[in-house]
Amino acid sequence: MTPEPLRVLLLGGTGEALTLGQALEQEPGIAAVYSVAGVTRHPRLPQLPVRRGGFGGAVGLAAYLQQHGVHCLVDATHPFAAGISANAAAAARQTGTALLAVRRPAWQPGPDEQWHRVADMAAAAEALGPQSSRVLLTIGNQEVPAFCAAPHHRYWIRCLEQPAQTPPGAELLFQRGPFRYADECRLLRAHGIDTLVTKNAGGAATRSKLDAARDCGARIVMVERPPDPPEAEVATDVGHALAWLRSYLQGRW
Ligand SMILES: NC(=O)c1ccc[n+]([C@@H]2O[C@H](COP(=O)([O-])OP(=O)(O)OC[C@H]3O[C@@H](n4cnc5c(N)ncnc54)[C@H](OP(=O)(O)O)[C@@H]3O)[C@@H](O)[C@H]2O)c1
């Protein structure tokens with residue numbers, strides 16, 4: 001008799017989630033469903049069954065886990081997606097589902113880098129100061145409206161979706177990474193950008209902007225990550241996440 005597969009719900013929204021999802025397409029003994037919030041119009045998806053849209057909070061997610069007999073919940077959402085991660089932790093606790101968080105390590109400043117570290121976007125907008133600056137925002141689209149509180153700066157905003165509100169005169173750059181160091185330097189120099197505001201997302205695909213900012217003399221305002229829920233086991237890359245799932249699968253029988 002074929003043994004029951006390990007049912008996995010993979011919460012996506014990152015490059016790591018996509019890579020893990022692709023690895024699970026052919027993984028023997030594992031039946032995974034890939035879940036996206038549905039906010040990105042053209043998300044990159046693995047060849048797995050996909051569900052879109054919110055669950056309706058922790059209660060809705062717990063109900064989904066129970067209804068679908070999910071054995072493992074893998075939270076491979078963005079390190080700044082604190083709402084879904086808190087819901088995942090609560091739902092896993094409530095239903096006794098194993099929980100793994102996939103989190104790429106945060107960036108650390110190099111010895112020759114000085115970051116202005118802040119806790120949130122309001123603090124980042126404030127940190128820009130009273131003098132007019134030329135600012136590159138690489139923070140996604142959702143939190144751009146926080147910078148309407150500092151309209152005396154000139155903004156270039158890299159995003160995938162149109163923000164709900166932008167500071168006056170802001171220019172939108174619809175660009176998807178990875179970004180090359182030389183292109184980042186060119187962008188900073190072309191617009192005379194003196195300040196980079198970014199979130200400590202971590203990962204190699206977008207690290208080049210930090211090197212470019214340092215080498216072009218732009219200051220870096222770094223919004224630090226919200227804390228992870230304490231109950232999640234953490235894998236720092238896709239290889240570890242896959243190994244965790246395989247060992248979980250082996251340990252079940
Ligand atoms: N925040 C960022 O900087 C960032 C950057 C890149 C990608 N993303 C991705 O974009 C998505 C939304 O980010 P966010 O910052 O809005 O997150 P959030 O504030 O933590 O989530 C808001 C709500 O969106 C729904 N949701 C989020 N991720 C989901 C998923 N994978 N599957 C189903 N529902 C999901 C949940 O709705 P319910 O409560 O109704 O279940 C959640 O409560 C995440 O999947 C995240 O990985 C975020």
Side-chain angles (χ1 to χ4, degrees), residues 8-21 24 32-46 48-68 70 72-92 94-95 97 99-104 106-107 118-121 124 137-147 157-164 174-179 197-207 209 221-229 232 234-235 238 241:
V8 173
L9 176 63
L10 173 53
L11 302 174
T14 59
E16 286 82 1
L18 177 65
T19 308
L20 179 58
L24 293 179
V33 171
Y34 191 81
S35 175
V36 289
V39 288
T40 305
R41 244 174 299 149
H42 303 293
R44 287 176 290 180
L45 298 170
L48 289 174
V50 172
R51 64 161 304 288
R52 290 165 203 266
F55 296 90
V59 172
L61 179 52
Y64 180 99
L65 296 176
Q66 268 171 339
Q67 276 162 18
H68 293 82
V70 173
C72 293
L73 176 59
V74 179
D75 170 11
T77 60
H78 195 270
F80 280 82
I84 186 71
S85 294
N87 292 350
Q94 204 180 311
T95 57
T97 308
L99 173 65
L100 178 72
V102 185
R103 296 283 183 269
R104 58 185 101 131
W107 292 315
V118 294
D120 56 33
M121 288 303 157
L137 293 185
T138 64
I139 58 166
N141 63 309
Q142 290 184 39
E143 293 173 282
V144 168
F147 292 85
I157 302 171
R158 177 183 280 157
C159 52
L160 295 178
E161 308 285 329
Q162 174 81 35
F174 291 104
Q175 300 169 336
R176 193 194 281 272
F179 301 102
V197 179
T198 190
K199 300 198 276 199
N200 199 336
T206 57
R207 176 75 176 81
K209 64 191 165 194
V221 177
M222 182 66 73
V223 182
E224 292 297 350
R225 296 176 174 193
D228 266 324
V234 176
V238 171

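For ligands, and for the atoms within them, numbers begin at 1 and follow the listed sequence.
Of the protein's heavy atoms, none falls inside 4.0 Å of atom 23 (C) of ligand 1. At a distance under 4.0 Å, a protein heavy atom can be found next to atom 6 (C) of ligand 1.
Checked by distance only, ligand 1 and K199 come closer than 3.5 Å through their nitrogen or oxygen atoms. Checked by distance only, ligand 1 and Q142 come closer than 3.5 Å through their nitrogen or oxygen atoms. Backbone and side-chain nitrogen or oxygen atoms of S35 are examined, and one is located within less than 3.5 angstrom of a nitrogen or oxygen of ligand 1. Where the criterion is an N or O separation shorter than 3.5 Å, residue side chain and backbone included, V39 fails it with respect to ligand 1. For ligand 1, one of its N or O atoms has an N or O atom of F55 under 3.5 Å away.
In the displayed structure, R51 atom CZ is contacted under 6.0 Å by more than 12 heavy atoms of other residues, nucleotides or ligands. Around CZ of R176, the count of heavy atoms belonging to other residues, nucleotides or ligands within 6.0 Å exceeds 12.
Side chains of S85 and R103: a donor on one and an acceptor on the other come within 3.5 Å.
Annotation for T77 and G12: closest pair CG2-O, 3.5 Å, computed over non-hydrogen atoms. Contact detail for A232 and L99: the closest heavy-atom pair is CB-CD2, 3.7 Å.
Checked options L65, V70, L73; the residue passing with T95 is L65 (criterion: side chain to side chain contact (heavy atoms under 4.5 Å, CB included)). Considering I139, I157, T138, V118 as possible partners of V197, the one that fulfils the side chain to side chain contact (heavy atoms under 4.5 Å, CB included) test is I139.
N200 places a side-chain N or O within 3.5 Å of a backbone atom of W107 that can act as its donor or acceptor partner. Between the R52 side chain and the G38 main chain, no donor and acceptor come within less than 3.5 Å of each other. Distance alone, capped at 3.5 Å, places no donor-acceptor pair between the E16 side chain and the A76 backbone. Under the 3.5 Å distance criterion, the side-chain polar atoms of R158 are left unmatched by any main-chain donor or acceptor of F174.
Among protein heavy atoms, the minimum distance from atom 37 (O) of ligand 1 is reached at G54 CA, 3.5 Å. Among all non-hydrogen protein atoms, the one lying nearest atom 48 (C) of ligand 1 is H78 CB, 3.4 Å. At the top of the distance list for atom 17 (O) of ligand 1, counting protein heavy atoms only, stands A81 CB, 3.4 Å. In this structure, the protein non-hydrogen atom closest to atom 9 (C) of ligand 1 is G13 O, 3.7 Å. From the protein, the heavy atom lying nearest to atom 29 (C) of ligand 1 is A37 CB, 3.6 Å. Nearest protein heavy-atom contact of atom 45 (O) of ligand 1 is G12 O, 2.9 Å. If you check which protein heavy atom lies closest to atom 20 (O) of ligand 1, you get I84 N, 2.7 Å. With respect to atom 19 (O) of ligand 1, the closest heavy atom belonging to the protein is G83 N, 4.2 Å.
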*Run the numbers on L11 and I84 for side chain to side chain contact (heavy atoms under 4.5 Å, CB included), then give the verdict.*
CA-CA 9 Å; L11 302 174; I84 186 71; 4.1 Å; yes

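For ligand 1, the atoms lying closer than 4.0 Å to a non-hydrogen atom of G57 are 38 (P), 39 (O), 40 (O), 41 (O). Each of the following atoms of ligand 1 lies closer than 4.0 Å to a heavy atom of N87: 39 (O), 43 (O). The distance from ligand 1 to the heavy atoms of R51 drops below 4.0 Å at these ligand atoms: 33 (C).
Judged by the shortest distance from any of its heavy atoms, G53 lies inside the 4.0 Å radius around the atoms of ligand 1. Residue V36 places a heavy atom less than 4.0 Å from ligand 1.
Ring pair H68/Y64 is parallel by interplanar angle, where below 30° counts as parallel and above 60° as perpendicular.
Under 4.0 Å from ligand 1, the heavy atoms of A82 that appear belong solely to its backbone.
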